[in-house]
Amino acid sequence: MELQTLQEALKVEIQVHQKLVAQMKQDPQNADLKKQLHELQAKITALSEKQKPSVSLYQFYLACRCHCTGIHCVEASLCLTY
């Protein structure tokens, strides 16, 4: 899955999570809401884990690009020539 697609999916799931949390505040003993929240948290964690390799690859690409062009990155930890 492409990084942008993963990030968009994460955004949607986080928004749903926020709505569920608001509902839980209204009805904290609702077992169905608790179950939905737990399942959603697992889904968000899975999407986040899928995103990690893509982010690492993108960071490596930026570092290589900086090194090859002699440009200093804004984020010093990404730049090999800094």
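No experiment lies behind these values; they were computed from the predicted model shown.
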Point to revise | Interatomic distance, Thr5 atom OG1 to Gln51 atom CD [nearest 0.5 angstrom] | key: 11.0 Å

Review point. Under the side-chain hydrogen bond (donor to acceptor under 3.5 Å, both in side chains) rule, what pairs show up with a residue in residues 19-29, not counting sequence neighbours?
Key: Asp27-Asn30

Exercise for review: Nearest 0.5 Å please: distance from the CD atom of Gln36 over to the CE atom of Met24.
Suggested key: 10.0 Å

Point to revise | Side-chain ion pair, Lys11 and Glu8, N-O less than 4.0 Å | key: no

Point to revise | Rounded distance [0.5 Å steps], NE2 in His17 versus CG in Leu37 | key: 4.5 Å

Point to revise | Gap between atom NZ of Lys52 and atom NZ of Lys50 - 0.5 Å precision | key: 14.5 Å

Exercise for review: First locate atom OG of Ser48, then atom CD of Gln7, and finally report the distance between them rounded to the nearest 0.5 Å.
Suggested key: 10.5 Å

Review point. For Ile14, which residues count as a side-chain contact (heavy atoms from CB on, under 4.5 Å) partner, sequence neighbours excluded?
Key: Gln18, Ile44

Check your understanding: From His38 NE2 over to Leu33 CG, what is the distance, rounded to the nearest 0.5 angstrom?
Key -> 14.5 Å

